[in-house]
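One-based numbering, in listed order, for ligands and for the atoms of each.
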Amino acid sequence: MLWKSLRGGVHPTDYKSLSNTTPIQRFPMMERLYVSLQQHLGAPATPVVNVGDRVLKGQVLADAQGLISAPVHAPTSGRIASLAEHRAPHPSGLPVLVITLEADGRDQWILRDPIANPFSLPPESICERIGTAGIVGLGGATFPAAVKLNLSLQKGIDTLILNGGECEPYLSCDDRLMRESAKTILRGAQLICHAVQAKHAILGIEDNKPEALAIMTEAANGTGISVKAVPSGYPMGSEKQLIQQLTGIEIPAHSRAADSGILVHNVATAYAVAMAIDQGQPLISRIVTLSGGAVTHPGNWEVPLGTLASEFLNHASGFDMKPARLLMGGPMMGIELPDLHVPIIKGSSAILALTEPEISHQQSSPCVRCSRCVRACPMGLMPLEMAANIRSGDLKRANTLGLSDCVGCGACSYICPSSIPLTHLFNYAKGELILQKKAQQKLEATKILAQRREARMERQARDREALMAARRAAAAKKAAETTDSDPITQEASA
Ligand code: SF4
Ligand code: SF4
């Protein structure tokens with residue numbers, strides 16, 4: 001199998017069966033929703049409502065700003081109670097602006113506008129609708145989908161790859177969605193193909209999801225979309241690994257999938273696209289896995305965005321025991337939560353409450369140079385060397401060793417016998433390099449401004465001097481003319 005030739009990867013216990021055996025349930029609307037303006041990569045959305053406004057379900061609450069951004073919509077009808085900072089589910093832990101919406105209990109929709117025959121429209125119109133629906137990559141990247149589609153359309157895409165890998169342990173939201181909404185996902189895939197004019201579409205599903213594989217294969221019959229099993233392993237769901245597995249194409253370092261004519265979207269994103277085009281429904285809810293040893297009733301729920309994670313956990317399940325670690329997302333790439341007072345956002349694939357035996361508390365010890373991290377890295381990097389350079393403060397050297405190609409998958413940290421928090425080091429270093437780059441850009445911008453100011457002042461001084469000289473010359477000329485035309489002066493001269 002191709003997997004044998006695939007670089008790196010690890011095989012953590014998947015814990016999928018904790019949550020994947022029951023159907024998706026609809027989570028009830030809470031009285032207050034906390035709709036974050038930063039639910040995507042890029043610039044936060046700009047509020048277009050005021051405190052006290054009444055809004056309808058699906059109404060735009062905040063609009064996209066700048067080139068990379070996405071709007072957010074009201075998950076239900078109600079009244080805007082506040083616009084204030086709130087703790088965000090983000091590694092920085094910094095607060096973000098959040099619109100608090102008091103639900104009125106009517107759940108009244110705004111007038112929806114489905115597109116009757118989308119395949120008769122130009123691709124740009126589909127991209128535009130996907131953008132106004134606030135759809136982002138729901139596999140965890142949260143990159144605004146319309147921006148990615150527009151860039152792909154410009155590049156020229158041959159193949160759409162639908163990512164049904166879901167390789168993170170515990171997560172089963174995509175698995176359940178594929179089992180229960182196969183046709184909607186495939187419809188979304190066809191719409192995405194139209195939006196980027198892709199000729200082929202392949203859906204990749206890990207072979208540890210036999211039910212989803214069987215259902216999607218049957219549903220795809222006659223659609224032109226091929227469904228392929230890929231061997232389970234971590235990080236099979238990451239873009240470059242899945243592309244290599246399904247097409248044999250290896251995306252070079254520093255290159256994007258689109259450069260090779262390939263676009264990858266998650267199955268949940270395809271589902272959201274179909275709902276936006278066919279139902280006129282913006283992204284106002286998502287499927288969230290609730291799991292972990294501390295959770296009484298693990299499973300999957302469709303949760304309105306803005307629901308507090310604490311309310312979700314308490315109403316959907318409750319705890320069997322005090323959790324030792326709370327996570328939003330999976331254990332490999334998820335965000336550790338200090339508590340559950342954060343809202344569910346577009347990227348919240350899971351809320352995990354793990355027990356002591358499920359997490360490693362080992363103290364980190366010195367590197368024993370076993371090179372397991374090198375073998376595990378799917379990007380062919382040297383994690384131990386990068387970490388050593390970061391620790392000694394040489395971020396530039398770490399970068400030349402390939403830090404920017406690190407996808408933050410966590411495979412190296414998982415396998416390291418010395419429990420060295422390699423991925424944390426890499427995330428820290430990447431953040432530092434971004435800050436350094438921004439500081440450098442700011443410095444250069446200030447330097448350019450100062451040079452321009454100096455040049456302007458010199459020019460103004462020159463202009464002033466020229467003006468004065470011109471005035472002096474004009475005055476002298478006038479004086480001379482006055483002397484020439486004065487008869488008394490002329491007589492005196494005579
Ligand atoms: S796996 Fe850990 S101990 Fe082994 S070489 Fe890598 S960093 Fe060092
Ligand atoms: S986190 Fe980065 S360095 Fe570590 S295995 Fe993944 S890609 Fe490689």
Give the minimum heavy-atom separation between [X] and [Y], together with the two atoms involved.
{"X": "Leu352", "Y": "Pro331", "answer": "CD1-CD, 3.7 Å"}
{"X": "Val35", "Y": "Leu305", "answer": "CG2-O, 4.4 Å"}
{"X": "Ala62", "Y": "Leu37", "answer": "CB-CD2, 3.5 Å"}

Using a 4.0 Å cutoff against the non-hydrogen atoms of [X], which atoms of ligand 2 qualify?
{"X": "Gly410", "value": "1 (S), 6 (Fe)"}
{"X": "Cys377", "value": "3 (S), 5 (S), 7 (S), 8 (Fe)"}
{"X": "Met379", "value": "7 (S)"}
{"X": "Gly408", "value": "1 (S), 2 (Fe)"}
{"X": "Pro378", "value": "5 (S)"}

At less than 2.8 Å, would any N/O/S atom of Cys373, backbone or side chain, sit next to atom 4 (Fe) of ligand 2?
no
Once the angle between the rings of Phe27 and Phe312 is folded into 0 to 90°, is it parallel (under 30°), tilted (30 to 60°) or perpendicular (over 60°)?
perpendicular
Would you say the side chains of [X] and [Y] form a donor-acceptor pair under 3.5 Å?
{"X": "Gln245", "Y": "Gln241", "answer": "no"}
{"X": "Thr355", "Y": "Glu358", "answer": "yes"}
{"X": "Asn300", "Y": "Ser172", "answer": "yes"}

State the atoms of ligand 1, each with its element, that fall below the 4.0 Å cut-off from a heavy-atom position in [X].
{"X": "Ser371", "value": "4 (Fe), 5 (S)"}
{"X": "Ser418", "value": "3 (S)"}
{"X": "Arg369", "value": "5 (S), 8 (Fe)"}
{"X": "Cys367", "value": "3 (S), 5 (S), 7 (S), 8 (Fe)"}
{"X": "Cys370", "value": "1 (S), 3 (S), 4 (Fe), 5 (S)"}

Where is the nearest protein heavy atom to [atom]: which residue, which atom, and how far?
{"atom": "atom 4 (Fe) of ligand 2", "answer": "Cys412 SG, 2.3 Å"}
{"atom": "atom 2 (Fe) of ligand 2", "answer": "Cys406 SG, 2.4 Å"}
{"atom": "atom 6 (Fe) of ligand 2", "answer": "Cys409 SG, 2.3 Å"}
{"atom": "atom 7 (S) of ligand 2", "answer": "Val407 N, 3.5 Å"}
{"atom": "atom 3 (S) of ligand 1", "answer": "Val368 N, 3.4 Å"}

Show the numbers, then the answer: is there a side chain to side chain contact (heavy atoms under 4.5 Å, CB included) between His73 and Leu283?
CA-CA 7 Å; His73 303 76; Leu283 186 61; 5.9 Å; no
For the pair Thr100 (side chain) and Tyr34 (backbone), establish whether a donor and an acceptor sit closer than 3.5 Å, ignoring hydrogens and angles.
no
When you measure from the side chain of Glu180 to the backbone of Leu177, do you find a donor-acceptor pair of N or O atoms at a distance under 3.5 Å?
no
If you define the side chain from C-beta out and look only at heavy atoms, does anything of Pro23 sit under 4.5 Å from Arg176?
yes
A side-chain contact here means heavy atoms from C-beta on lying under 4.5 Å apart; do Leu160 and Val196 qualify?
no
Does ligand 2 have an atom that lies less than 4.0 angstrom from a heavy atom of Leu422?
no
Strictly under 2.8 Å, is atom 6 (Fe) of ligand 1 approached by any N, O or S atom of Cys416?
no
Heavy atom of Pro383 under 4.0 Å from ligand 1?
no
Please confirm whether Ile415 comes under 4.0 Å of ligand 1, counting heavy atoms of the residue only.
no
